[in-house]
Amino acid sequence: MTVQDMRKFYIDGAWVEPLQPENFGVLNPATEEVIASISLGSTEDIDRAVAAARRAFASFSNTSKKDRVELLERILAVYKKRYDEMAELICLELGAPISMSKKSQAAVGVGHLEGFLQALGELKLRQELANGDTLLREPVGVCGLITPWNWPVNQVALKVLPALATGCTVVLKPSELTPLSAMLYADILHEAGVPKGVFNLVNGDGPVTGASLSCHPDVDMMSFTGSTRAGVAVTKDAADTVKKVTLELGGKSPNILFADADVDKAVKRGVFGCFYNSGQSCNAPTRMLVERPIYDKVLEIAKTTGESQQVGDPALEGRHIGPVVSVLQFERIQTLIKAGIEEGATLLVGGAGKPDGFETGYYVRPTIFCDVSNDMRIAREEIFGPVLSIIPFDDEDEALQIANDTPYGLAAYIETGDSDRAERLVKKLRAGQVYINGTECDYGSPFGGYKMSGLGREGGLFGLEDFLEIKAVSRP
Ligand code: NAD
């Protein structure tokens, strides 16, 4: 297989050679083969990109809302044209099965664009306050954007689009594991006519390239998505220059099943929801909390459902799940499965090792533990693989206590036939999104977490506001 040479960075409107090349191989997680070579950016490459973004900010921050709406509409048109290419790249670099890549991974690039276009229409950049003063909302400046690999275009779109919509300029450092979709995104922005210097892309790792961006004195804001560990590092690096920081981090979301729910549907969507994207979603329902009277019935349905989950080659169409992204993730998941067994949880489905017939590729056995107690590692740590923990509870108070007993607070799921109960719980759950009976939040709704799941919200109007400074003007 030929290794694609993708070592250039997109800076100041053109693909340029790295100042200090450092080769890094991008793997296909299904075959473990190197598919492309990128370069890891140096501090000097980041300096160059930030300087281009700073120059462009002077004029781009003065464009009108109408100009920027037109720009987003052009991006949408080009994105739709190159949609299939995007789905194929995500399939290749992440291992997302092609059907899912087309239906979800690439689709979010369209959905978020439409969500932001609507929000931009609603956004008030100037407001008269009741006290007679004027409030102006202005672009925050040059933004450093760091994204992970699990929903690669989702996270790029959730950062680049609101930045552009509000008149900011950006330097994006995508995950070094999934840089190819981000590079295609750069091509799409170029073709749509994004002015030079407004969007820049430097590939690279966290400790050098990412940290150079977070520490940079000429960057005004950092928007980060990834692990809580790296989010804390970005925040500390940004502190010396008092940058605004927004963070979308991990989760360990509860899925609370009451006896009055549609149990069959609730268990199936809970299991498949946890396994979707090979378990690599920050808002995955990874802790299934089950009311005791239905516990045995739930285990029966969960076992059949879990065993029905197919694993397969991402290049093939179908409803199977693919491998996880890297050997590092594979090993981390194996460690946690072993920890679950050692700590006394009961293995209901799957377990350690690879599924039969998948010696090559980072494939994981879809796994379900029951009789889990909320102090076990598999209930506390984000596994980021297709591993579900089932925990019994006695009553609503205990369910709520277990649900909130986590350092995270990204999402929570409720399954009940009692709408008053659902509303009571919604108010008490410490999470940024609550999904009731299998519903999903639409594009334009804010996405983000309480507690160690992050700071700020992405998507729609709230996502735009994170990229705006507020100015109060008082006149005689
Ligand atoms: P990661 O934190 O290792 O990497 C994420 C990004 O941060 C990558 O681009 C990486 O190069 C960079 N990075 C790593 N260390 C850095 C540092 N010290 N300074 C600056 N940048 C650094 O996480 P990952 O393994 O790529 O992604 C998985 C994690 O992301 C999971 O914990 C998941 O829950 C979280 N996540 C959260 C959301 C959300 O919206 N809340 C969305 C997707 C993923």
Side-chain angles (χ1 to χ4, degrees), residues 24 26 29 38 40-41 43 46 93-94 105 108 112 144-159 171-179 181-182 201-216 219 222-239 243 245-253 276-286 324-333 336 362 381-385 406-411 431-433 441 445-459 463 466:
F24 179 84
V26 180
I38 60 164
L40 301 180
T43 301
I46 288 290
E93 64 182 2
L94 173 64
Q105 287 278 5
V108 293
H112 289 313
L145 315 178
I146 300 181
T147 54
W149 44 262
N150 60 330
W151 283 88
V153 166
N154 180 57
Q155 284 122 2
V156 167
L158 279 170
K159 297 186 189 310
V171 177
L172 167 68
K173 189 211 82 62
S175 167
E176 59 275 42
L177 303 181
T178 55
S181 51
L201 180 151
V202 178
N203 279 321
D205 62 5
V208 175
T209 325
S212 302
L213 201 51
S214 313
C215 293
H216 205 291
V219 170
M222 288 304 298
S223 175
F224 173 85
T225 299
S227 61
T228 301
R229 171 203 63 78
V232 169
V234 168
T235 309
K236 287 182 178 168
D237 284 341
K243 290 179 181 47
V245 177
T246 61
L247 304 170
E248 298 292 346
L249 308 174
K252 194 75 196 176
S253 302
Y276 198 57
N277 203 31
S278 300
Q280 304 169 114
S281 296
C282 47
N283 60 347
T286 48
V324 297
V325 74
S326 65
V327 68
L328 217 72
Q329 285 297 321
F330 176 83
E331 279 166 3
R332 182 177 154 70
I333 295 162
L336 282 160
Y362 310 124
E381 295 181 31
E382 191 176 44
I383 302 176
F384 237 53
T406 164
Y408 294 112
L410 192 54
Q433 293 82 40
C441 290
S445 288
F447 185 83
Y450 281 40
K451 301 193 275 182
M452 288 184 85
S453 288
L455 286 176
R457 293 292 181 269
E458 294 195 315
D466 272 355

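Remember, it's 1-based here, ligands and their atoms both numbered in the order they're listed. Along the sequence shown, residues carry numbers from 1.
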Give yes or no for whether the N/O distance cutoff of 3.5 Å, strictly under, is met between [X] and ligand 1.
X: Asp237; value: no
X: Glu176; value: yes
X: Ser227; value: yes
X: Lys173; value: yes

- request: Would you indicate whether the side-chain heavy atoms of Leu172 and Lys159 approach each other to under 4.5 Å?
  value: no

message: So Glu93 and Pro152, do their side chains get closer than 4.5 Å, heavy atoms only?
response: yes

Applying a 4.0 Å heavy-atom criterion (strictly less than), which segment of [X] is in contact with ligand 1: side chain, backbone, both, or neither?
X: Ala233; answer: side chain
X: Asp205; answer: backbone
X: Leu177; answer: neither
X: Val234; answer: side chain
X: Gln280; answer: neither
X: Glu458; answer: neither
X: Leu249; answer: backbone
X: Trp151; answer: neither

Could you tell me, atom by atom, which parts of ligand 1 come under 4.0 Å of a heavy atom of [X]?
X: Asn150; value: 43 (C), 44 (C)
X: Gly250; value: 34 (O)
X: Ala230; value: 2 (O), 14 (C), 15 (N), 16 (C)

message: Tell me whether ligand 1 is touched by Gly454 - counting only heavy atoms on the residue side and a distance under 4.0 Å.
response: no

- request: Look at ligand 1 and say whether Trp149 reaches it with a heavy atom at a distance under 4.0 Å.
  value: yes

Provide, to 0.1 Å, the distance between [atom] and the closest protein heavy atom, together with that atom's residue and name.
atom: atom 32 (O) of ligand 1; answer: Glu382 OE1, 2.5 Å
atom: atom 3 (O) of ligand 1; answer: Arg229 NH2, 3.4 Å
atom: atom 13 (N) of ligand 1; answer: Gly206 CA, 3.4 Å

query: Any protein heavy atom sitting closer than 4.0 Å to atom 19 (N) of ligand 1?
result: yes

message: Run the ring-ring contact (aromatic ring centres under 6.0 Å, His included) test against Trp149 and tell me which residues pass, sequence neighbours left out.
response: Phe384

